[in-house]
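Worksheet for the structure shown next.
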Amino acid sequence: MTGIGRAHTSATSNEQRMKYGIAILLLAFIHGRSFGQEIVREYLIEKKYLNIPVEQKQDRQRVVIREGVSDSTYDVIRIAEGKPDYWVFRDVSALKGKILKLAFSRKVSGIDLIHQDDHFPGEDSLYKEVGRPQFHFSSRRGWNNDPNGLIYHKGEYHLFYQHNPYEVNWGNMHWGHAVSIDLLHWTELPDALFPDTLGTMFSGSAVTDKKNTSGFGKDALVAIYTASGKKMTQNIAYSLDGGRSFRKYAGNPVLGPDRDPKVFWYEPQKKWVLVMYNENYNAIYDSKDLKTWTYRSKVNGFYECPEFFELSIDGNPQNRKWVMYGASGTYMIGTFDGNRFIPTSGKFMYTSGSLYAAQTYNDAPDGRRIQIGWGNIDHKGMPFNQLMLFPNELTLRTTPEGVRLFCEPIREIEKLHDKKYEWKNTGIDLVNKELSQLKGDLYHGILEFELDKGLGMELHYRGEPIIYFDGNYNSFNHIPFTGEKPDIQKYRVEFLIDRSSVEAYIDKGRLFLAEGLKLTNHEGLMLEGGIKVNSFQLYTLKSIW
Ligand code: FRU
């Protein structure tokens, strides 16, 4: 399933909801039940988790989880009838001492298995599951897609994300939440935003309201997100406790369609700027208080999850340009006067493969532009699905063709280095002999090679080529790529290999590739091709868990 394919599904969520609605009505009819006769269970909350058994082959049924929300807010869950495929949970620790009422639309035996506990089934093997990424973030349970609300706030990097807590497929969008102090080690917290009467929680961003422009409180963490209900609307919620709990603004929604608002502070005019996706273009709005928004302009040619930020060129703060990209990562470079973005070059592409809907951090220290992308990679048979790609740092650099966006893994990767192997000025035979002795499955490599007696280079892993250069067609993994000097067929390939993913940064990140890896076979790394290995540094990596 590609990002775009899935994204189409999400764009028609109202339609989907109608379909589910019809299916449920039909079921209710078959069982001779109406919604009035739904099955209700009450739990006096004493423990941390409410554990729910899931069986993929069951239909999704409507479950109203009442916590002072209206009945029109419900989740759809494949509650098990037979043996559960996996268990999911809702963290109910904030409800201790209260009664939580669940209303089910269909009787299945798994309802009686739902229970409270301070642990969730499978917790003892958490992060040790065979398919679990070891230095990429993935959610403990359920599905994730886009990163949301990336912000450095009070010493923590927050990673909110599109989360279906109840299934390994897309649906029931909540904002999941994790925090990190080093962008490497993540602690998953309870979900931050739950569906409400305005809809499910689609993508958005977060800001720190340093000047209390919204009146929510100085330094409030304000999330600006899309609610996907009967229509798509933009809404705000704020937190005064470092993102641990959110209160939704009573005046929601604050803005109309479409979706995925990215907001940042625009210092020259002391105002907030919002860019969001709106029917095949990006719309720019501004606001003094995060509540009232004024439309300013639009830019054609983008789809979903816009990003918009300013970067120095070649590290020179006197020479800056604005970059706008959409969920696919294609970008334009230009100028911005606070109201209008004037593209001066593009669209270009810097990425291909599994990256989708990447967002960058607001307020990252030292003016760094750090990006996390959704890795649209399936994890079959696991109680979780998808992952976040490794954080990248974005820069603008001058190339013979003009200024381009570059994307490299954050330098913090070095902190995960374990053993180091190194080769210099050699052929592939010696390298392969030594590679065959290695027993890792987490790697960071930097390979500098040039074509010698052949036209190609292939890096194999688990018996398959995972990064491959074709000098005849000028391409890395089928993506056209021309080195800086056409007469010297010399390239630098930096790569990260985790259990389920490979990321490759060609020539210092002028092209970034991300792909899923099959788990099937455990052959290690191997080079192929008539190349000279000018230098190759390879590190095994420590797990972050
Ligand atoms: C992109 C996207 C967004 C939407 C979200 C829903 O992957 O389709 O446009 O807000 O996912 O999960």
Side-chain angles (χ1 to χ4, degrees), residues 20-21 23-24 27-28 30-31 33-126 129 139-144 163-177 188-196 200-201 381-385:
Y20 295 138
I24 287 160
L27 274 168
I30 294 166
H31 290 268
R33 271 194 202 99
S34 75
F35 287 146
Q37 294 166 297
E38 60 199 353
I39 299 129
V40 176
R41 292 278 194 278
E42 289 185 355
Y43 308 85
L44 171 61
I45 300 302
E46 296 167 320
K47 306 250 163 114
K48 193 165 176 202
Y49 300 110
L50 189 70
N51 292 317
I52 305 171
V54 174
E55 192 184 358
Q56 284 298 122
K57 73 169 194 273
Q58 296 303 318
D59 288 332
R60 289 172 165 180
Q61 68 158 303
R62 196 177 96 137
V63 183
V64 180
I65 303 179
R66 291 195 184 96
E67 259 174 64
V69 294
S70 126
D71 282 14
S72 65
T73 306
Y74 56 86
D75 294 288
V76 287
I77 312 183
R78 298 183 195 276
I79 301 175
E81 171 70 59
K83 188 173 166 311
D85 292 322
Y86 54 94
W87 289 75
V88 294
F89 60 81
R90 183 175 179 108
D91 187 321
V92 287
S93 44
L95 301 174
K96 276 195 185 149
K98 295 197 181 137
I99 291 193
L100 182 65
K101 207 162 143 189
L102 264 60
F104 306 88
S105 57
R106 188 161 61 91
K107 175 131 189 57
V108 286
S109 58
I111 293 174
D112 296 329
L113 299 178
I114 297 176
H115 65 281
Q116 295 182 56
D117 197 350
D118 285 327
H119 300 278
F120 56 86
E123 193 180 338
D124 45 358
S125 57
L126 182 66
E129 302 98 336
S139 192
R140 288 171 294 177
R141 288 290 180 270
W143 158 278
N144 83 263
H163 187 208
N164 184 354
Y166 303 124
E167 199 185 313
V168 293
N169 296 312
W170 185 88
N172 300 320
M173 293 338 282
H174 290 53
W175 271 31
H177 190 196
E188 189 177 326
L189 299 174
D191 281 343
L193 295 178
F194 296 81
D196 60 33
T200 52
M201 302 290 101
M382 293 288 116
F384 66 93
N385 196 4

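Worth saying up front: this structure is predicted, and the values here are computed from it rather than measured. Along the sequence shown, residues carry numbers from 1.
- By the 4.5 Å heavy-atom criterion applied to side chains, D196 and M201 are counted as neighbours.
- Q58 contributes atom CD, which lies 8.0 Å from atom OG of S109 (distance to the nearest 0.5 angstrom).
- Applying the side chain to side chain contact (heavy atoms under 4.5 Å, CB included) criterion to Y43, with sequence neighbours excluded, gives R41, I45, L50, L102, F104, I114, Q116.
- Y49 and F89 get closest at one heavy-atom pair: CD2-CD1, 3.4 Å.
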Chi angles and distances behind the side chain to side chain contact (heavy atoms under 4.5 Å, CB included) call for E42, K101: CA-CA 4 Å; E42 289 185 355; K101 207 162 143 189; 3.4 Å; yes
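- One distance of note links CD of E81 with NZ of K107; it measures 8.5 Å at 0.5 Å rounding.
- Note: W87 and H119 fail the aromatic proximity criterion, with ring centroids not under 6.0 Å apart.
- Partners of K83 according to the salt bridge (charged side-chain N to carboxylate O under 4.0 Å, His left out) rule, which considers only residues two or more places apart in sequence or in another chain, do not exist here.
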Chi angles and distances behind the side chain to side chain contact (heavy atoms under 4.5 Å, CB included) call for N169, N164: CA-CA 7 Å; N169 296 312; N164 184 354; 5.6 Å; no
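- Interatomic distance, I79 CD1 to D59 CG, rounded to the nearest 0.5 Å: 12.0 Å.
- In terms of heavy atoms, T200 sits closest to P195 at CA-CB, 4.0 Å.
- With hydrogens and angles ignored, the 3.5 Å screen pairs no side-chain donor or acceptor of E38 with any backbone N or O of A103.
- Every residue two or more places apart in sequence or in another chain that forms a side chain to side chain contact (heavy atoms under 4.5 Å, CB included) with D118 is listed here: K47, K48.
- The two residues P53 and L113 have their closest heavy-atom pair at CG-CB, 3.9 Å.
- The two atoms that bring P165 and D191 nearest to each other are CG-OD2, 3.5 Å, heavy atoms only.
- The CG atom of L95 sits 11.0 Å away from the CG atom of L44 when rounded to the nearest 0.5 Å.
- Inter-residue side-chain proximity for H174 and D75 is flagged as met; some heavy-atom pair is nearer than 4.5 Å.
- For the side chain to side chain contact (heavy atoms under 4.5 Å, CB included) test, residues two or more places apart in sequence or in another chain that qualify with L126 are F120, E129, R132, R140, R141.
- Residue V76 comes nearest to R62 through the heavy atom pair CG1-CA, 4.4 Å, listed as atom of the first residue, atom of the second, then distance.
- Taking each heavy atom of P190 and D91 in turn, the nearest pair found is CG-OD2, 3.3 Å.
- Partners of D85 under the side chain to side chain donor-acceptor pair (under 3.5 Å) rule, at least two apart in sequence or in another chain, do not exist in this structure.
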Derivation and outcome, side chain to side chain contact (heavy atoms under 4.5 Å, CB included), residues E123 and D117: CA-CA 11 Å; E123 193 180 338; D117 197 350; over 6 Å; no
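- Note that CZ of F194 is 5.0 Å distant from CZ of R90, once rounded to the nearest 0.5 Å.
- With sequence neighbours excluded, the residues satisfying side chain to side chain contact (heavy atoms under 4.5 Å, CB included) with V168 are Q56, Y86, N385.
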